Asker: 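Quick one: structure below, then a few questions.
A note on names: the letters A, B, ... follow the listed sequences, proteins ahead of strands, and every chain is numbered from 1. Being a predicted model, the structure only gives us computed values, none of them experimental. What's counted below: heavy atoms across the whole structure, side chains too, no hydrogens, waters or symmetry copies.
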There are 2 protein chains.
Amino acid sequence: MTKQQSTFQALSDPTRRRILRYLREGDLTAGEIAAKFTITKPSISHHLSILKQADLISDRRSGQNIVYSLNTTVFQDILKWFADFLGTEGPGGEGQKKGK
Amino acid sequence: MTKQQSTFQALSDPTRRRILRYLREGDLTAGEIAAKFTITKPSISHHLSILKQADLISDRRSGQNIVYSLNTTVFQDILKWFADFLGTEGPGGEGQKKGK
DNA sequence: GATATATTTAGATGTTTAGCTAAGCAAAGA
DNA sequence: TCTTTGCTTAGCTAAACATCTAAATATATC
């Protein structure tokens, strides 16, 4: 699965986008995040792992808790993808590198 | 289904993103698009209808053909969504309007 | 080390989705 | 108006996905 695929896939779910919005405000533990939703903790945990695989968030352990935080660099990449898209480049494949 | 949801959903499929890349080069008929893929025409037609519902493309009939073209304005909206995301706004809901 | 708390992993289930084939609809031309 | 061409709609299947409950793991505390 290409990097872009996993990113767009991750962003396609509303629950995951909502998690990202919360994390934009500041770091949160898995439990704190789960508390904001009505779905179960395991479900949230699953969403978190998808976001993590897509490199949109990262996690670190702090005692009993696992703290999640936003990876803004990947958002920058996506932003660039869209900007390039609206530019005047050739079609090419997913992993196109252009001028870089 | 919210507008953002349909947009992200539409972008989550690699075939659909590839269609968008082709259309970025210029307008194409449904047949011309389908010819670039190995999957069947009905499948492509289905993807086109999803992209259309998400307002990422538009279509018009030209004789026997149906011509598809990219709606760049929606891409601008998405670009803005990401830019806002990396900004310093409150979490709020999907359809947030901000300064507008 | 036993127990409590925080979170993840495993396994099951209902729903969504991408793909197919077959049938339908619309325009063009005989 | 019958046929051909271009494309979509309908109906199906298999795979993917979101969610749940139950069990497992890891850390902290007693």
Side-chain angles (χ1 to χ4, degrees), chain A residues 1-23 26-71 94, chain B residues 1-23 26-71 94:
Chain A
M1 201 197 226
T2 123
K3 173 148 185 149
Q4 293 199 347
Q5 178 55 18
S6 63
T7 308
F8 280 115
Q9 191 94 339
L11 288 170
S12 73
D13 185 89
T15 299
R16 291 194 287 264
R17 288 199 301 280
R18 196 173 141 201
I19 291 174
L20 292 173
R21 283 198 304 275
Y22 286 127
L23 288 177
D27 296 358
L28 290 172
T29 67
E32 287 170 332
I33 295 169
K36 296 174 180 294
F37 292 84
T38 54
I39 62 179
T40 62
K41 283 181 180 189
S43 296
I44 292 293
S45 183
H46 177 238
H47 284 304
L48 288 170
S49 90
I50 288 171
L51 288 169
K52 197 174 121 187
Q53 273 181 247
D55 218 40
L56 287 163
I57 62 175
S58 49
D59 64 339
R60 73 192 125 88
R61 180 172 277 277
S62 169
Q64 289 186 84
N65 303 307
I66 294 186
V67 180
Y68 284 91
S69 37
L70 202 62
N71 278 354
E94 289 278 283
Chain B
M1 200 196 227
T2 130
K3 173 149 184 151
Q4 293 199 347
Q5 178 55 19
S6 64
T7 308
F8 280 115
Q9 192 97 334
L11 288 170
S12 72
D13 185 89
T15 299
R16 291 194 286 265
R17 288 201 301 280
R18 195 173 141 200
I19 290 174
L20 293 173
R21 282 199 303 275
Y22 285 128
L23 289 176
D27 297 358
L28 291 171
T29 67
E32 287 171 331
I33 294 167
K36 295 174 180 295
F37 292 84
T38 55
I39 62 178
T40 62
K41 282 183 181 189
S43 296
I44 292 293
S45 185
H46 178 238
H47 283 304
L48 288 170
S49 91
I50 288 171
L51 288 170
K52 196 174 122 186
Q53 273 179 246
D55 219 38
L56 288 164
I57 62 174
S58 50
D59 64 340
R60 73 194 125 88
R61 180 172 277 277
S62 169
Q64 290 186 83
N65 304 308
I66 294 186
V67 181
Y68 284 90
S69 38
L70 201 63
N71 279 353
E94 290 277 282

Asker: Under 4.0 Å: is that the gap between some side-chain N or O of B:Y68 and OP1 or OP2 of D:dT8?
Answerer: yes
Asker: Which parts of nucleotides 11-24 of chain D does protein reach within less than 4.0 Å, heavy atoms only, written one letter per nucleotide 5' to 3' as B for base, S for sugar-phosphate only and - for none?
Answerer: ------SSBBBB--
Asker: Would a 4.5 Å heavy-atom cut-off, applied to side chains only, mark A:H47 and A:I39 as touching?
Answerer: yes
Asker: Distance check needed: D:dG6 C1' versus B:I33 CD1, whole Å only.
Answerer: 13 Å
Asker: Taking B:D13 for its side chain and B:T15 for its backbone only, find out whether a donor-acceptor pair lies under 3.5 Å.
Answerer: yes
Asker: Base, sugar-phosphate, or nothing for A:F37, non-hydrogen atoms under 4.0 angstrom?
Answerer: nothing
Asker: For B:R17 and C:dA18, what is the distance between atoms CZ and P respectively, to the nearest whole Å?
Answerer: 12 Å
Asker: So which heavy atom on A:I57 is nearest to which on A:Y68, and how close?
Answerer: CD1-CD2, 3.5 Å
Asker: C:dT9 C1' sits how many Å from A:I44 CD1, rounded?
Answerer: 16 Å
Asker: Check the distance between C:dT8's P and A:K52's NZ and give it to me in whole angstrom.
Answerer: 8 Å
Asker: Taking DNA chain C as the partner, which of residues 55-65 of chain A come within under 4.0 angstrom of it by heavy atom?
Answerer: A:Q64, A:N65
Asker: Provide, to the nearest angstrom, the distance between the CD1 atom belonging to B:I66 and the C1' atom belonging to D:dT5.
Answerer: 13 Å
Asker: Please answer whether the main-chain N or O of B:E32 pairs with a side-chain N or O of B:T29 as donor and acceptor at a distance below 3.5 Å.
Answerer: yes
Asker: Taking the side chain as C-beta and beyond, is there a heavy-atom pair between B:D59 and B:L48 under 4.5 Å?
Answerer: no
Asker: In the structure I gave you, are the side-chain heavy atoms of B:L11 and B:L56 within less than 4.5 Å of one another anywhere?
Answerer: yes
Asker: Are any non-hydrogen side-chain atoms of A:Q9 and A:I50 less than 4.5 angstrom apart?
Answerer: no
Asker: Return the CG to OG distance between A:L23 and A:S58, rounded to the nearest 0.5 Å.
Answerer: 9.0 Å
Asker: Give the rounded distance in Å between these two atoms: CG of A:L28 and C1' of C:dA6.
Answerer: 15 Å
Asker: Give a yes or no on whether the backbone of B:G63 and the side-chain of B:R61 come within a donor-acceptor separation of less than 3.5 Å.
Answerer: yes
Asker: Less than 4.0 angstrom between a side-chain N/O of B:T29 and OP1 or OP2 of D:dC7, yes or no?
Answerer: yes
